[in-house]
Number of protein chains: 4
Amino acid sequence: MQSRTPAGRSGRPRSAAADTAILTATRAALVELGWSKLTLGDVAARAGVAKTTLHRRWAGKNELVLDAVAEPFDALRLPDRGTLAAGVEDVVLQPAAILDRPEARSGLMAAVAEATRDAALRERVRTSIVDRRKRLVVEGRARARARGERPVEFGPEEAARTADLIFDMVAGAVVHRSLVSAEPADAEWARSLTRVLLLGLAGAAAAGEREDRVPHANGGAGEA
Amino acid sequence: MQSRTPAGRSGRPRSAAADTAILTATRAALVELGWSKLTLGDVAARAGVAKTTLHRRWAGKNELVLDAVAEPFDALRLPDRGTLAAGVEDVVLQPAAILDRPEARSGLMAAVAEATRDAALRERVRTSIVDRRKRLVVEGRARARARGERPVEFGPEEAARTADLIFDMVAGAVVHRSLVSAEPADAEWARSLTRVLLLGLAGAAAAGEREDRVPHANGGAGEA
Amino acid sequence: MQSRTPAGRSGRPRSAAADTAILTATRAALVELGWSKLTLGDVAARAGVAKTTLHRRWAGKNELVLDAVAEPFDALRLPDRGTLAAGVEDVVLQPAAILDRPEARSGLMAAVAEATRDAALRERVRTSIVDRRKRLVVEGRARARARGERPVEFGPEEAARTADLIFDMVAGAVVHRSLVSAEPADAEWARSLTRVLLLGLAGAAAAGEREDRVPHANGGAGEA
Amino acid sequence: MQSRTPAGRSGRPRSAAADTAILTATRAALVELGWSKLTLGDVAARAGVAKTTLHRRWAGKNELVLDAVAEPFDALRLPDRGTLAAGVEDVVLQPAAILDRPEARSGLMAAVAEATRDAALRERVRTSIVDRRKRLVVEGRARARARGERPVEFGPEEAARTADLIFDMVAGAVVHRSLVSAEPADAEWARSLTRVLLLGLAGAAAAGEREDRVPHANGGAGEA
DNA sequence: CCGTAAACGAGACGGTACGTCCTGTCTTTGC
DNA sequence: GCAAAGACAGGACGTACCGTCTCGTTTACGG
C-alpha cells in the first residue's frame with residue numbers, strides 16, 4: 001500500500017506488526033476524536049510506536065487516515081442474489097454499512113474535503129475507494145447479463161457516461177442520506193432508491209430508442 | 001446569523017462591517033489555502049480585524065467557515081422556466097455552480113465531515129444549506145401544480161419520504177459528481193440526471209398504483 | 001494625589017467614593033493575586049467601576065498600585081518613647097509592620113523594581129514613601145536634642161551623608177530581613193539592629209574626633 | 001542549575017548551547033526592556049531558539065530571569081586584602097557592582113517582589129544569591145581568624161543570629177542605597193558603612209561582656 | 001558469526017497556530 | 001458631560017502538534 005522497501009534490502013526490515021497496529025490505532029483515534037482532533041503523536045502513542053516510524057511510512061495525516069478507512073473497502077464482495085435489483089440494493093447497502101462506522105464517517109468525508117485541494121490524495125481516493133465500488137457495479141451488470149437479464153444498455157460511449165451517472169447517484173445518495181440528512185440508509189430506503197433508479201434508467205432507454213438518442217430531457221418526463 | 005446581540009443594548013455595538021469583512025476574508029482564505037490550512041489568525045489579518053473579534057462572534061473555525069460558504073445559498077432563487085423538468089435541472093445546476101467555487105469545494109465537505117461529530121454543527125448545516133435547497137424543490141413542485149402539470153404525488157406521509165429520497169439523490173449526486181468523480185456537473189449531465197429521476201418517479205408512481213402502494217422493489221424493475 | 005479636576009467645572013463631577021473603592025479594591029487584589037497577576041480590569045470590576053474611570057485617573061498599573069500601597073505610610077507617626085534608642089526602634093518597627101501586610105510585600109517591591117526603569121515612578125516612590133520615613137528620623141533626632149540627648153552630630157554636610165547612610169542601613173535591613181531572609185522583623189531584632197547602629201555611630205563619631213574627620217575605616221575597627 | 005535531565009538518558013540530549021544563548025539573551029532583554037516588558041517570546045527570538053525550548057527548561061519568566069541575573073553571583077570571589085575591614089568592604093562592593101548592571105537592577109528586585117508570593121521562587125533566590133553572598137562573609141571571618149584578627153565573637157547560637165543581622169544590614173543597605181536612594185554605592189560609602197558596622201559590633205560585644213550577654217538594647221546605646 | 005545498515009524508541013528542536021487574557025482606546029446608552 | 005457597558009486592535013501568554021533531528025539500541029542480512 002505504502003510500504004515497498006525502496007530498493008536496497010540490507011538493514012533491519014520494517015515491522016509488519018507496526019503497520020497493523022498503526023492503522024488500528026488510527027481507526028480507534030478517529031472514532032474517539034474525529035479527523036480534526038486526531039494527531040499523529042496520539043496515534044503513535046496508541047500504536048506503541050515512535051512518531052518517526054509513522055512519518056517514515058506515510059507522508060502525512062491525510063494519507064494515513066485514508067489508508068486506515070479504505071481498508072474495509074478492500075473486503076467488499078457482491079453476493080449473487082439473483083436479480084439485478086437485489087444486486088443494486090447490495091451496492092447501496094454495503095457502502096452504507098461502512099459509512100455507519102464512526103471512523104469512516106469523519107475520516108472519509110475529511111479525506112474527500114482534503115482531496116479537493118490535493119491531486120495525489122484525490123487519485124488515492126479514486127484507486128482505493130471509488131474504483132473498488134465501481135467494480136461492484138460492473139460485476140453486477142455482468143452477472144445480470146449472464147443470467148439473461150437485459151440491463152439498460154446504450155452505445156459503448158454512452159454506456160460509460162451512464163455508468164458514471166448511476167454511480168454518482170447511488171454513491172452520492174448514500175453519502176448524503178447518511179451524513180447530511182443523518183437518516184439511516186437501511187434496506188427499505190435502499191429498495192426505494194433502487195426502484196426509482198432502475199425505472200428511470202429503463203424509461204430513459206425506452207425514450208432514447210423512440211427519439212433516436214440525445215433526447216430532450218422534457219421528452220420522457222413531461223407527463224410525469 | 002450568529003450575531004444577535006445577546007440581550008443588553010448598552011455598550012459599543014458590534015461593527016456590521018466587520019462581519020462582512022470577516023466572511024469575505026474567510027472565503028478568500030479558503031480559496032487560497034483550503035480548510036485545513038486556513039487559520040483564524042490569518043483570516044483576522046486579512047479582514048483587518050483582531051483575532052478576539054472573530055472569537056467573540058463565532059465559536060470556532062467550523063462555524064465560521066460554514067457561515068462563509070453558506071452565504072451564497074441564501075441568494076438561491078428558482079426562475080420559472082416553464083416545465084417541471086427545467087425546474088429540476090435548475091435545482092441541480094444552481095448548487096452545482098456553487099460547488100464549482102473553490103471555497104465551497106473544500107469548505108463544505110470539511111464542514112460536513114466535522115458535522116459527523118458535532119450535532120450543533122450538523123443542525124447548522126441543515127438550516128443554512130439543506131433547508132434552503134429543499135425550499136427550492138417545494139417551490140418548484142408548487143409551481144408545477146399551479147401550471148397544471150401533475151408532479152408525482154403520493155399520500156402525504158409517503159410524499160415526505162419521497163421528497164427526502166429525491167433530495168438525497170439530487171444533492172448527493174451533485175456533490176459526488178463534483179467532488180469525488182471530479183467531473184463537471186454541467187447542463188448535459190443535469191439533463192441526464194433529471195430525465196432518469198423524473199422517469200423513475202413516474203414509473204414508481206405508476207407501479208405503486210398498480211400494486212396498491214408499498215411495492216416490492218423488484219416489481220417494476222425486474223425486467224429493466 | 002492624582003485627581004485634581006482639571007479646570008473646567010461643567011458636567012458631572014468625579015465621584016470621590018470611586019477613588020476610595022478603587023484603592024481598596026487594588027489592595028484586595030494585591031493580597032489575592034500579587035502584583036504580576038493583578039489586572040486593571042479586575043480591579044475595576046472589584047471596585048464596581050468602569051475600566052475607563054481607572055484610566056482617567058491613573059496613568060497605569062504602576063502608579064495605581066503605588067498609590068494604593070503608599071497610603072498607609074501617610075499615617076506614620078512617631079510616638080515619643082523617651083529615648084533615642086526607643087525612637088530608632090520605632091523607626092524600624094513601623095515600616096516593618098507595613099511590610100508585614102501582604103499587599104505591601106509584593107506591591108512595594110514591584111514598584112521599586114519598576115522604578116529602576118522609570119524616573120517618574122522613582123520620584124513618586126521617593127515623595128510618597130521614602131520622604132515620609134525620613135521625616136520620622138529627622139523628628140526623632142530633633143526630639144532627642146530637645147530632651148538633652150546628644151545624638152551623634154557631624155558637620156552639616158557630613159550630617160546629611162550620615163543621615164542617608166543610617167536610613168539606607170535601617171530601611172534596607174528591614175526590607176531584606178522581611179522579604180529576602182523571610183524572618184520576622186520583630187522587637188528583639190529591632191533592638192539588636194538599633195544597638196549595633198547606635199554604638200557604631202557613636203564609635204565613628206569618637207574616632208572621627210580623634211582623627212580629625214575623614215578617618216580610615218580601619219582606624220577604629222581594626223581591633224574589633 | 002535547572003537542567004539535570006530527569007532520569008532517563010534516551011532521546012536527543014538537550015543542547016548546552018541553548019542554555020547559554022537563552023540566559024545571555026535574557027540579560028540583554030532585561031537591559032533593554034526591564035522585567036515587566038520582557039517577553040519570553042522575545043527572549044526566545046533573541047536566542048534563536050523556539051519558545052517551547054524555553055518552557056521546557058524553565059517554569060516561567062520568574063525562574064528564567066532569576067537564573068539569568070543570579071549567574072554573576074556564582075563568580076563572586078573574595079580576594080584576601082589583609083584586614084577584616086577591607087574584607088567587609090569587598091563584601092559590600094562586589095554585590096554593589098553587580099547591582100550597577102542594569103539587568104540586575106530590575107531583574108533582581110522583580111524576582112524578590114515575585115518571591116513574596118511564591119515559596120519555590122523564594123527558595124531559589126536563597127540558594128542562588130543569598131547563600132552565595134553569605135559564603136563570602138563566612139570566608140572573610142575565617143581568614144580574619146587565621147590572620148590572628150579576633151572578629152567579634154559570640155556564643156554559637158548568638159553568633160548565627162548576629163551573622164544574619166550583619167547580612168541583612170549589609171545586603172539591605174546596598175540594595176536600598178543603589179535602588180531606592182538611587183545613589184552610587186561607591187568605595188567611600190562602603191568605607192563609612194563598614195566603619196559603623198564594625199564599630200557597632202565591637203561595641204555590642206564589649207557591652208555584652210559587661211552585661212553577661214542578653215543586654216538590653218538601651219544599655220550601651222543610651223548615651224550615644 | 002560478525003559487521004553493516006536500516007529501522008526503531010525516545011525525546012529535544014524550530015516552528016506555527018491555538019484560544020485566552022489583558023491593555024488602552026473607542027463608541028454607544030443612560031443618568 | 002461623566003459614567004457604565006462593552007466592542008475593538010493589538011499583542012503576549014502558555015499549550016499543543018508538526019515534521020525534523022539526533023541520540024542510543026535492536027534486528028536482520030550478507031560477506
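All values derive from a computational prediction rather than experimental measurement. Here is the naming used below: chain letters follow the sequence lines, and residue numbers restart at 1 for every chain.
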For this session: Starting at atom CG of B:L54, determine the distance to atom P of E:dA17, rounded to an integer number of angstrom.
Result: 15 Å
For this session: Starting at atom CZ of B:R14, determine the distance to atom P of F:dA7, rounded to an integer number of angstrom.
Result: 5 Å
Exercise. Could you state the CZ-P distance from C:R56 to E:dC26, rounded to the nearest angstrom?
Worked result: 13 Å
Seminar exercise, completed: Between D:K61 and A:A59, whichever has its closest DNA chain F nucleotide further toward 5' is D:K61
Which donor-acceptor pairs under 3.5 Å do side chains of residues 39-48 of chain C form with protein atoms, sequence neighbours excluded?
| unit_1 | atom_1 | unit_2 | atom_2 | d |
| --- | --- | --- | --- | --- |
| C:T39 | OG1 | C:D42 | N | 3.2 |
| C:D42 | OD2 | C:R46 | NE | 2.8 |
| C:D42 | OD2 | C:R46 | NH2 | 3.4 |
| C:R46 | NH1 | C:E32 | OE2 | 3.2 |
| C:R46 | NH2 | C:E32 | OE1 | 3.1 |

Exercise. Could you give the CG-to-C1' distance, from C:D19 to F:dC2, as a whole number of Å?
Worked result: 14 Å
Exercise. Going by heavy atoms closer than 4.0 Å, what residues in residues 24-41 of chain C are next to DNA chain E?
Worked result: C:T39, C:L40, C:G41
For this session: Evaluate the side-chain proximity of B:N62 to B:W35: yes if any heavy-atom separation is below 4.5 Å, no if none is.
Result: yes
Exercise. Which sits closer to the 5' end of DNA chain E, B:P13 or B:H55, going by the nucleotide each is nearest to?
Worked result: B:H55
Problem set entry | First of D:T53 and B:D42 reached from the 5' end of DNA chain E, by closest nucleotide | D:T53
For this session: Output all residues satisfying side-chain contact (heavy atoms from CB on, under 4.5 Å) with D:T127, sequence neighbours left out; order by chain, then residue number.
Result: D:E123, D:D131
Exercise. Quick one: A:I22 CD1 to E:dA7 C1', roughly how many Å, whole number?
Worked result: 12 Å
Problem set entry | Residue-level proximity of residues 43-52 of chain A to DNA chain E when a heavy atom falls under 4.0 Å | A:G48, A:V49, A:A50, A:T52
Seminar exercise, completed: Residues passing the salt bridge (charged side-chain N to carboxylate O under 4.0 Å, His left out) test with B:R122, sequence neighbours excluded, are none
Exercise. Closest approach of B:G34 and A:R117, non-hydrogen atoms and distance?
Worked result: CA-CD, 3.0 Å
Problem set entry | side chain to side chain donor-acceptor pair (under 3.5 Å) partners for A:S36, two or more places apart | B:E114
For this session: Name all residues meeting the side-chain contact (heavy atoms from CB on, under 4.5 Å) criterion together with A:S15; count only those two or more places apart in sequence or in a different chain, and write none if there are none.
Result: A:A17, A:A18, A:R57
Exercise. By side chain to side chain donor-acceptor pair (under 3.5 Å), which residues pair with B:R27, not counting sequence neighbours?
Worked result: B:E71
Seminar exercise, completed: With sequence neighbours left out, the residues meeting side-chain contact (heavy atoms from CB on, under 4.5 Å) with D:A50 are D:T52, D:T53
Exercise. E:dG24 P sits how many Å from C:N62 CG, rounded?
Worked result: 10 Å
Problem set entry | Whole-Å gap separating C1' (E:dG19) and CG (B:L64) | 14 Å
For this session: Examine the base of E:dC26 for any acceptor or donor lying under 3.5 Å from a partner atom in the side chain of B:R12, and report the outcome as yes or no.
Result: yes
